[in-house]
Amino acid sequence: MTKSGRRFGIGAVVAAVVATTITFTGPGASAQDTARRGWDHFTFGVPWEESYGYSQGIKAGDEIYISGQVSHDAAGNFVGAGDFEKQVRTSFDNLDKVLAHYKVPRSQIISIKIFTKDLRQNFDTAARLHKEYVGKHRTTDTIVGVSELSVPEQLVEIEAIVKVSPRS
């Protein structure tokens with residue numbers, strides 16, 4: 001109840017919460033709101049980051065969320081058309097560039113998601129290259145077969161979550 005004795009319905013409460021959430025965390029969040037949260041955004045400076053409106057990585061507290069990495073060079077040109085292994089290796093190289101920006105080793109990765117076309121055909125190669133990438137470190141992982149990715153020649157996309165705080 002309010003001081004005047006009125007009750008707020010659940011609809012009014014939900015609307016207020018949604019409006020507050022959109023104001024402080026939605027796609028229109030200002031640089032000031034982002035800074036207030038202490039989020040550190042990282043980009044490669046490739047054209048689609050601005051046109052699509054996203055970051056390659058965001059450090060939020062003691063976690064880093066890394067967007068799906070794809071097979072491209074520093075200028076944003078697609079690399080490895082038709083070569084699944086080359087695309088996976090280049091995607092992991094780009095993941096390493098995000099890790100390097102935040103000065104964290106691969107051993108701090110806690111989760112990896114691999115999205116791939118032709119899952120049955122590419123599963124064994126993806127598994128081998130993943131194991132090579134993480135070495136003796138173990139992550140929680142998901143590999144998902146998809147029908148399409150953002151570029152017609154693209155066969156794989158790899159995202160990750162990293163824990164920055166010291167491991168116990």
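All of these numbers come straight from a predicted model, not from anything done at the bench.
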Enquirer: Taking the inter-plane angle between the rings of F92 and H130 on a 0 to 90° scale, is it parallel (under 30°), tilted (30 to 60°) or perpendicular (over 60°)?
Expert: tilted
Enquirer: Are L95 and F115 connected, step by step, through hydrophobic side chains (Ile, Leu, Val, Met, Phe, Trp, Tyr) whose heavy atoms are closer than 4.5 Å?
Expert: no
Enquirer: Has D73 got a side-chain atom pairing as donor or acceptor with N77's backbone, closer than 3.5 angstrom?
Expert: yes
Enquirer: Hydrophobic cluster membership, with links at side-chain heavy-atom distances under 4.5 Å among I/L/V/M/F/W/Y: are V79 and V151 in one?
Expert: no
Enquirer: Would you find a donor on one side and an acceptor on the other, under 3.5 Å apart, between the side chain of H137 and the backbone of I109?
Expert: yes
Enquirer: At what distance, to the nearest 0.5 angstrom, does CG of L155 lie from CZ of F84?
Expert: 7.0 Å
Enquirer: Salt bridge between K113 and D141, side-chain N to carboxylate O under 4.0 Å?
Expert: no
Enquirer: Please assess E159 against Q69 for the test side chain to side chain donor-acceptor pair (under 3.5 Å), listing each intermediate value before the final yes or no.
Expert: CA-CA 6 Å; E159 72 177 38; Q69 296 301 299; over 6 Å; no
Enquirer: Do I64 and I58 have side chains that get closer than 4.5 Å, going by heavy atoms?
Expert: no
Enquirer: What closest approach, in Å, do S55 and S67 show between heavy atoms, and which atom pair accounts for it?
Expert: O-OG, 2.6 Å
Enquirer: Find out if a path of hydrophobic residues (ILVMFWY) with successive side-chain heavy-atom gaps under 4.5 Å connects V134 to L99.
Expert: yes
Enquirer: Run the numbers on Q87 and S91 for side chain to side chain donor-acceptor pair (under 3.5 Å), then give the verdict.
Expert: CA-CA 6 Å; Q87 288 187 33; S91 297; over 6 Å; no
Enquirer: Say you draw a straight line from NE2 of H41 to CD of Q56; how long is it, rounded to the nearest 0.5 Å?
Expert: 13.0 Å
Enquirer: Measuring only between side-chain heavy atoms, which start at C-beta, is Y133 closer than 4.5 Å to D96?
Expert: yes
Enquirer: Indicate yes or no: at least one non-hydrogen side-chain atom of I143 is less than 4.5 angstrom from one of L119.
Expert: yes
Enquirer: Give a yes or no answer on whether the side chain of T116 reaches the backbone of A126 with a donor-acceptor pair at less than 3.5 Å.
Expert: no
Enquirer: For K131, I'd like to know if atom NZ has over 12 heavy atoms of other residues, nucleotides or ligands within 6.0 Å.
Expert: no
Enquirer: Is the shortest side-chain N to carboxylate O distance from E132 to R89 below 4.0 Å?
Expert: yes
Enquirer: Charged N to carboxylate O below 4.0 Å: is that the case for E85 and R128?
Expert: yes
Enquirer: How long is the gap from CD on Q154 to OG on S71, to the nearest 0.5 Å?
Expert: 8.5 Å
Enquirer: List the residues meeting side chain to side chain contact (heavy atoms under 4.5 Å, CB included) with A127, not counting sequence neighbours, and say none if there are none.
Expert: F123
Enquirer: Taking all non-hydrogen atoms of both residues into account, name the closest pair between A60 and W39 and its distance.
Expert: CB-NE1, 3.5 Å
Enquirer: Mind checking whether I158 and V146 sit in one hydrophobic cluster, side chains of I, L, V, M, F, W, Y counted as touching below 4.5 Å?
Expert: no
Enquirer: Hey, does the side chain of Q108 reach the backbone of K163 with a donor-acceptor pair shorter than 3.5 angstrom?
Expert: yes
Enquirer: Taking V162's backbone N and O only, do any of them form a donor-acceptor pair with Y102's side chain (distance below 3.5 Å, no angle check)?
Expert: no
Enquirer: For K117 and P152, indicate whether the former's side chain and the latter's backbone hold a donor-acceptor pair under 3.5 Å.
Expert: yes
Enquirer: Are the side chain of N94 and the backbone of H72 linked by a donor-acceptor contact shorter than 3.5 Å?
Expert: yes
Enquirer: Which value, rounded to the nearest 0.5 Å, describes the distance between I112 atom CD1 and T140 atom OG1?
Expert: 8.5 Å
Enquirer: In terms of hydrophobic clustering (I, L, V, M, F, W, Y; side-chain heavy atoms under 4.5 Å; direct or indirect links), are V70 and L129 co-clustered?
Expert: no
Enquirer: Give a yes or no on whether the backbone of G61 and the side-chain of E63 come within a donor-acceptor separation of less than 3.5 Å.
Expert: no
